[in-house]
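See structure below.
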Amino acid sequence: MPRGTRACISSARHSRRESWTSPAIQAPTSCGAKGRSPWARLRRNRHGRNWWCVRPSRTLMRKCFQEWSREMRTLVSELPGVVGSTVTLSGWVHRIRDLGGVSFVVLRDRSGMGQLVFDAKPDVTVESVIEVHGSVAANEKAPGGVEVRVQSMRVVSPAALDLPFPVNQDPGKTSLESILDNRMIALRNPSILSIFRLQSTILRCFAEYLRGLDFTEIKTSKLIGTGTEGGTGLFSVDYFDTKVYLTQSPQIYKQTMIAAGLERVFEIGPAYRAEKHDTPRHINEFISLDVEMAFIESEQDLMDLETGILAAIFAGVRASNQKDLDAWKATVPDPELCARIPRVSHDEAKEIVSKETGKKVYEISPEGERALCDWAMKTAGVEAVFVFAYPRKSRPFYTYPAENNRTKSFDLLFRGLEVTSGSMRINRYDMLMENLQAFDLNPEGLKDYLSIFKYGCPPHGGFAIGMERLTQKILGLASVKEATLFPRDRKRTRP
RNA sequence: GGGGGCGUGGCGAAGCUGGUUAUCGCGCUGGCCUGUCAAGCCGGAGGCCGCGGGUUCAAGUCCCGUCGCUCCCGCCA
């Protein structure tokens, strides 16, 4: 057994403390589709015991919405259940197949695609939005066994003929440039759209898992007067008569809220990095899944927490996004295996890379990161590995130091890419002041930040998961830009 | 910041050592076709070969510059 799994499995250390690892390998509350009320667990959960007092009746909410939507239309996915009846469908014309005496139109709506049958070629163009009225018939020859014989059709919004992007074709045959240049239209492509359906599950499961552990969600400002990490890589913005910067991380605000007494916080928000890299794994604006937690003992506790988050996300994606995974021929790791993600120190990682690649390494390069994940797959059956105890010089000043000039920090590498970076933070004022000197930083510019520690702050730490990178790696996409709705890179600020 | 590769109709590509009207698939369009499911068959439209300059009798092809894209490395989520 890899030594890193110790922290997850041994319970001796955790039993006397609050546990956050126990739900690690269970699907988050509403991700499990077992027929039980998604609120059942919360009702038993001490943190959610009063949910019915503050929420309108769920039955009432569901009833209002269903009655409203039932009047609107039938969804394509509902057709097999309403064979024999007359329905109204609305959606986009995905494809037209005209065979002379009969024409087939593939209609696309948010639930999927279904076949419409016309006696003659209908007067519509691909991608037009239509509303049709017709009878639902079972037919062996129809895709999915059901089709709608159209009695009347209304073109709700016609589409021009010069479609700039092949919406109804395999996006694998289209260049990234064309996908991004025509982003508005490219997003209609079902495979491309599926990326963002899956991404939504990641967001949901991340938040639900943490809420279940008594984390409080916060939203902080993305504008800041000065940078905390030396001022490099910050975008400046005109702010009335002065200049401010876009934050590269919510770091200081997360820590502020820890010290303010929330103890456990998370934030989902954009982070900005004004760095001129031009690679398939960098964008200048990304969504950071940020977590911070008080009363931890080391970075091992943070890895425990992230293990649980990953398991919740993988379980949720498996439960909700099988079609989206299929569209990219992708698989998510078994949530049960997350507890076996190896944990290796930075020094051990270098040794492993040297051994695996057959060449001596002094720093872990992207090639080394790929080698480490391959190694993890071989030894533990998961394509992920935690690397901890990074040298002091490679980590920011607020990282908690450890013996031998190491730090209480870690990264998570998943399928060959760094998706998380985190650490325990220095929470003692005197220690922080010493470290500022060592990093040659001026305490004057960090006055607000330092006040957190001057007046008492519990031991704590946190990490950030790159949402787009995680999405990219789950689906096996070639570039992080594909996993970004409207990517902002060195050259691109449109659409 | 350093180093590769690529720009050819709306999309994806071919065009080898320079040589006549620039080719193919998808899409679009006209025609035929009552069971398609990437429908099929016959016809058609659509390109100053990224842009600027040079070499040459002759440049999509060679050279220089420029813009754009893409990949690897540094660094990072």
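Bear in mind the structure is a predicted one, so any value in this text is a computation, not a measurement. Heavy-atom basis, side chains included; hydrogens, waters and symmetry copies ignored.
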**Report entry** Phosphate OP1/OP2 of B/G12 contacted by A/Thr174 side-chain N/O (<4.0 Å)
**Finding:** no

Report summary line: Scanning all shown strands, the Watson-Crick or wobble mate of B/C69 with both distances under 3.5 Å is B/G5

Requested in this report: Determine whether any donor atom in the side chain of A/Glu275 lies under 3.5 Å from an acceptor atom in the base of B/G1, or the reverse, and answer yes or no.
Outcome: no

Requested in this report: Could you tell me whether the phosphate oxygens of B/G12, OP1 or OP2, come under 4.0 Å of any side-chain nitrogen or oxygen in A/Ser175?
Outcome: yes

Query raised in the report: Do A/Glu177 and B/U70 share a donor-acceptor pair, side chain to base, under 3.5 Å?
Result: no

Query raised in the report: OP1, OP2 of B/A13 versus side-chain N and O of A/Lys173: anything below 4.0 Å?
Result: no

Query raised in the report: With a centroid cutoff of 5.5 Å and a plane-angle limit of 30°, would you call A/Phe104 stacked on B/G35?
Result: no

Requested in this report: Identify whether any heavy atom of A/Ile283 sits under 4.0 Å from a base atom; if not, whether one sits that close to sugar-phosphate; answer base, sugar-phosphate or nothing.
Outcome: base

Query raised in the report: Reckon A/Leu161 touches a base, only the sugar-phosphate, or nothing at all at heavy-atom distances under 4.0 Å?
Result: sugar-phosphate

Query raised in the report: Ignoring hydrogens and angles, are the base of B/C76 and the side chain of A/Arg469 linked by a donor-acceptor pair under 3.5 Å?
Result: yes

Requested in this report: Classify the nucleic acid contact of A/Pro143 as base, sugar-phosphate or nothing, counting any heavy atom under 4.0 Å across all strands shown.
Outcome: base

Query raised in the report: Mind checking the C1' distance from B/U61 to B/G15? Whole angstroms is fine.
Result: 9 Å

Report summary line: Paired with A/Phe386, the ring pair (Phe, Tyr, Trp, His ring centres under 6.0 Å) test is passed by just one of A/Phe463, A/Phe410, A/Phe414, namely A/Phe410

Query raised in the report: So which nucleotide from B/C11, B/C76, B/C72 ends up closest to the side chain of A/Pro166?
Result: B/C11

Query raised in the report: Considering only the P atoms, how many Å lie between B/C41 and B/G27, rounded to the nearest integer?
Result: 11 Å

Requested in this report: State whether the distance check finds a donor on one side and an acceptor on the other, under 3.5 Å, for side chain A/His277 versus base B/C76.
Outcome: no

Query raised in the report: When we call it a touch if two heavy atoms are under 4.0 Å apart, what does A/Ala142 touch: a base, just sugar-phosphate, or nothing?
Result: base

Query raised in the report: Of A/Arg149 and A/Val126, whose closest RNA chain B nucleotide lies nearer the 5' terminus?
Result: A/Val126

Report summary line: Note: A/Glu275 and A/Gly233 closest approach over all heavy atoms is OE2-CA, 3.7 Å

Requested in this report: Sort out for me which residue in A/Leu210, A/Leu289, A/Ile202 forms a side-chain contact (heavy atoms from CB on, under 4.5 Å) with A/Ile309.
Outcome: A/Leu210

Requested in this report: Classify the nucleic acid contact of A/Arg273 as base, sugar-phosphate or nothing, counting any heavy atom under 4.0 Å across all strands shown.
Outcome: base

Requested in this report: Determine the interplanar angle of the A/Phe266 and A/Phe206 rings, folded into 0 to 90°, and report it as parallel if under 30°, tilted if 30 to 60°, perpendicular if over 60°.
Outcome: perpendicular

Query raised in the report: Between A/Thr357 and A/Glu367, is any pair of side-chain heavy atoms under 4.5 Å apart?
Result: yes

Query raised in the report: Which part of the nucleic acid does A/Glu369 contact within heavy-atom distance under 4.0 Å: base, sugar-phosphate only, or nothing?
Result: base

**Report entry** Rounded C1' spacing from B/C62 to B/U55 in Å
**Finding:** 8 Å

